[in-house]
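Everything numeric here is computed off the predicted structure, so don't read it as measured data.
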Amino acid sequence: MLLLLAVAAPQKALAHELYSSSTFQQSSSTATTAGDFGYFFYRSYDFGGTTYSNVCTMAVYFGSSEEAVIPSKVTYDGVEFTVIGIDRNFSTVNGDGSKNYGNCKKLTVPNTVVVIEQGAFVDVDQITHLTFEDGDQPLYCNNCGSTHSVYGAFTYMDNLQEVYVGRELSWNYSEYVEAPFYRNNDGTYFKVIVGTKVNTLHYHTFHHARVNAVEILESENLLSIERDVFSDCPKIANYTQLRQIDGPDQFLKGSGELKVITIGGHATSIRDNEFMNCYNVYGINLVEGLQTIGEHAFEDCDDVSELTIPASVTKIGYEAFYDMDDLKKLTFTDYASAPIDMTGGFVFYGYNGYSKSLEEVYLGRTLQTKSGNENYEFADRNNITKVTVGPGCTAVPDKLFMNCYSVKTIDLSNATALETIGEHAFEDCDEVTSLFIPKSVTKIGYEAFYDIDKLAELTFEDGTAALDLTGGAQFRAYDNANGSLRKVYLGRNVSISSDAQKRNFYNRKITNVTVGTHVTDIPAELFYNNPFANIIFNAGSDPLSIGDKAFVGDGNTTVTSIVIPKPVSSIGEDAFYDNTSLITLSLKTADGALIKKYCCPIKK
């Protein structure tokens, strides 16, 4: 059984029994050649409390290939030996001044190797790629000594570009022993890939190494990361995590150059404060599979300009993306099955109240936000110009985009599952000129689209379900009589407030109204006191009821003829009163008889 980090270090025992046919000269690094490698062969070999029989350690590479794979088994003198170690002689300088690794640039270590001796690869600066095969048996870096001169196994490999860790790397940490990759600080930077078999990254393994990228491959197993694994690696720029980790927060401390973060897959959660104050990050890639994002997780990642929240995310914590000053585009991926819990609040808030850089929001699903006056997620964002609601969103919360004065587009054309729009949701989105309300919407809250100064055209999609506007004032303007609304398409029945001051189309400047096929009831005073130029009714078979004063003009109308090409069950008192320009009203009664009235103005 191998002993791991934080346990008394296993020492290379003196009980190794050299195989009788093997050459062994430690001082001059002479080894027995088998194939492209030189080995020391042992009849027995003691390590970590275990005695291994018929094993060998690799000492030198003689091959000409730039890619070398150390075999797991070697046959020598008719006996099969298992390769269990890499001897420290591997990097010893020969008498002619050359190093014992030939032309090798890419080296693969088999999963049978259980020990790499102290300094085994010191100064092996020709190798660019080092691969430790996937395996369940930990690999021990046997750094033993009592002075600060004890090198790590991989010190000064100055041309490393990539290290693949397919199993646990263990070593005997002490104040006198350098970390395995310590002092790789004079050459190229390299990437560390952590395989699926690794369950623990041990303390200081890559401390003070020239690591510039870390990729943790996807696995269902939890990865434990001990303290300071990547400490003093200030040049880590890319970090990918596709499995769940456990260990200290901000284990990448000292990585001041972190620029791109990718997380998801079997990484289901991002812990609180995980990447807080990583000021140079410009890319955050959140992958499907991620479920929760902790409090302050990405706070002050100032250079991120675009962010997509995957459909798998169900909760985002307090100030998770706080003060991201350069965020311009935010996308919530389409997903109808579950809302995102953002009730912790201030998720996208900022130091000065809000980020002024945000320009575009795609709302592909429902958000549960903090209620009342503390819902500040997107309110008051003066740079937002476009809001799109996708097919996964069922509700827009109260005040979500209130006072976003620069919004020019509110796109609900694909919001096929949208049912409710909350109070003040889009109040004061002043630059919007046209608005489409899909037929799926059944309720719009009080002042949801209040005081959109430039709204000129409003369309309610054709539909059979009634729309609840009883909250009132959804589309009113601060100066209602001088508002911009001119054209309304009414494609469905609506119910309105009994309070005249809260009625949306009361005393406006509406000139054009079209009533769709599915409308069967027009409430009393719906379009009261407007300067109509055209009132159009689409044909249909369902009887139509027109309420009292539904289309009363303002005395300055230009409409001359109204045709109602569908059965009319009732017309209320003064329904078309004060349309002073009206000459002809043509309609069908419920029994289909055509009635024409020639009158100017029409009183009843």
Side-chain angles (χ1 to χ4, degrees), residues 332 334-337 339 361-367 386-398 400-401 407 409-426 429 432-450 452 455-476 485-497 503-505 510 512-523 526-527 535-547 550 564-567 569:
F332 294 89
D334 294 330
Y335 188 62
S337 297
V361 177
Y362 180 88
L363 199 63
R365 61 191 297 195
T366 305
L367 308 181
K386 184 177 182 179
V387 176
T388 302
V389 179
C393 182
T394 60
V396 178
D398 297 349
L400 189 63
F401 296 99
V407 170
T409 303
I410 300 172
D411 185 355
L412 307 180
S413 60
N414 290 314
T416 53
L418 185 62
E419 298 175 355
T420 60
I421 299 173
E423 296 183 359
H424 309 283
F426 295 96
C429 292
V432 175
T433 59
S434 64
L435 185 63
F436 172 87
I437 306 297
K439 63 183 178 182
S440 60
V441 175
T442 57
K443 185 175 182 178
I444 302 178
Y446 175 67
E447 293 189 345
F449 298 94
Y450 178 79
I452 298 183
L455 182 63
E457 184 173 350
L458 176 60
T459 299
F460 297 93
E461 185 181 17
D462 290 324
T464 56
L467 175 59
D468 181 356
L469 298 177
T470 55
Q474 288 87 352
F475 304 96
R476 284 182 68 83
L485 189 60
R486 297 293 181 268
K487 187 175 182 180
V488 176
Y489 180 88
L490 188 66
R492 56 198 292 210
N493 290 339
V494 296
S495 55
I496 63 174
S497 172
R503 292 177 190 167
N504 292 290
F505 312 120
I510 297 171
N512 292 272
V513 175
T514 300
V515 179
T517 299
H518 296 293
V519 176
T520 59
D521 180 67
I522 298 177
L526 180 62
F527 293 101
I535 300 174
I536 299 170
F537 292 83
N538 290 342
S541 58
D542 295 326
L544 174 66
S545 173
I546 302 174
I564 306 178
K566 63 185 299 184
S569 58

*Which residues satisfy the ring-ring contact (aromatic ring centres under 6.0 Å, His included) test with Phe460, sequence neighbours excluded?*
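For Phe460 the ring-ring contact (aromatic ring centres under 6.0 Å, His included) partners, ignoring immediate neighbours, are Phe475.
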*asked:* For Tyr489, give me all partners under ring-ring contact (aromatic ring centres under 6.0 Å, His included), at least two apart in sequence or on another chain.
replied: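 So Tyr489 forms no ring-ring contact (aromatic ring centres under 6.0 Å, His included) with any residue.
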*Excluding sequence neighbours, so at least two apart, what forms salt bridge (charged side-chain N to carboxylate O under 4.0 Å, His left out) with Arg503?*
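Partners of Arg503 by the salt bridge (charged side-chain N to carboxylate O under 4.0 Å, His left out) criterion, ordered by chain and then number, come out as Glu525.
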Nearest heavy atoms of [X] and [Y], plus distance in Å:
X: Thr416; Y: Ser440; value: O-CB, 3.3 Å
X: Ala417; Y: Pro391; value: CB-O, 3.3 Å
X: Asp398; Y: Glu423; value: OD1-N, 2.8 Å
X: Ala425; Y: Pro397; value: CB-O, 3.7 Å
X: Pro567; Y: Gly540; value: CD-O, 3.5 Å
X: Ala448; Y: Ile444; value: CB-CG2, 3.4 Å

Validation row: [X], [Y] side chains within 4.5 angstrom (heavy atoms):
X: Ile564; Y: Ile546; value: yes
X: Leu469; Y: Ser495; value: no
X: Phe401; Y: Val407; value: no
X: Asn512; Y: Ile510; value: no
X: Val396; Y: Val387; value: no
X: Thr514; Y: Leu490; value: no

Name all residues meeting the side-chain hydrogen bond (donor to acceptor under 3.5 Å, both in side chains) criterion together with [X]; count only those two or more places apart in sequence or in a different chain, and write none if there are none.
X: Asp542; value: none
X: Asn493; value: Thr520
X: Thr420; value: none

*Go through the steps for Thr517 and Phe537 under the test side chain to side chain contact (heavy atoms under 4.5 Å, CB included), then give the verdict.*
CA-CA 8 Å; Thr517 299; Phe537 292 83; over 6 Å; no
*List the steps and the verdict of side chain to side chain contact (heavy atoms under 4.5 Å, CB included) for Val519 and Asp521.*
CA-CA 6 Å; Val519 176; Asp521 180 67; 5.9 Å; no
*When Leu485 is tested against each of Asn504, Leu455, Leu435 for side-chain contact (heavy atoms from CB on, under 4.5 Å), which residue passes?*
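Between Leu485 and the candidates, side-chain contact (heavy atoms from CB on, under 4.5 Å) is satisfied uniquely by Leu455.
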*Could you tell me whether a side-chain N or O of Glu461 sits under 3.5 Å from a main-chain N or O of Pro438, the two making a donor and an acceptor?*
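No; judged by distance alone, with no hydrogens or angles, the pair does not exist.
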*Do Ser569 side-chain atoms and Pro543 backbone N/O form a donor-acceptor pair below 3.5 Å?*
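Checked: no pair found.
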*asked:* Under a 3.5 Å threshold, yes or no: a donor from one side chain and an acceptor from the other, between Thr470 and Asp468?
replied: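 Short answer, yes.
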*When you check the side-chain N and O atoms of Thr366 and Thr394, is any donor under 3.5 Å from an acceptor?*
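Thr366 vs Thr394: donor-acceptor pair found between side chains.
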Gap between atom [atom2] of [Y] and atom [atom1] of [X] - 0.5 Å precision:
X: Ile522; Y: Ser545; atom1: CD1; atom2: OG; result: 8.5 Å
X: Ile452; Y: Gln474; atom1: CD1; atom2: CD; result: 11.5 Å
X: Cys393; Y: Leu367; atom1: SG; atom2: CG; result: 6.5 Å
X: Glu419; Y: Lys443; atom1: CD; atom2: NZ; result: 12.5 Å
X: Phe426; Y: Glu447; atom1: CZ; atom2: CD; result: 15.0 Å
X: Leu467; Y: Arg492; atom1: CG; atom2: CZ; result: 4.5 Å

_Before you tell me yes or no, could you show the steps for Ile437 and Leu412 under side chain to side chain contact (heavy atoms under 4.5 Å, CB included), namely the whole-Å CA-CA distance, both residues' side-chain angles and the distance that decides it to 0.1 Å?_
CA-CA 7 Å; Ile437 306 297; Leu412 307 180; 4.1 Å; yes
*Can Ile421 and Phe449 be said to form a side chain to side chain contact (heavy atoms under 4.5 Å, CB included), step by step?*
CA-CA 9 Å; Ile421 299 173; Phe449 298 94; 3.9 Å; yes
_Let's go through Tyr450 and His424 carefully: what are the C-alpha distance in whole Å and the side-chain angles of both, what is the deciding distance for ring-ring contact (aromatic ring centres under 6.0 Å, His included) to 0.1 Å, and is it a yes or a no?_
CA-CA 7 Å; Tyr450 178 79; His424 309 283; 7.9 Å; no
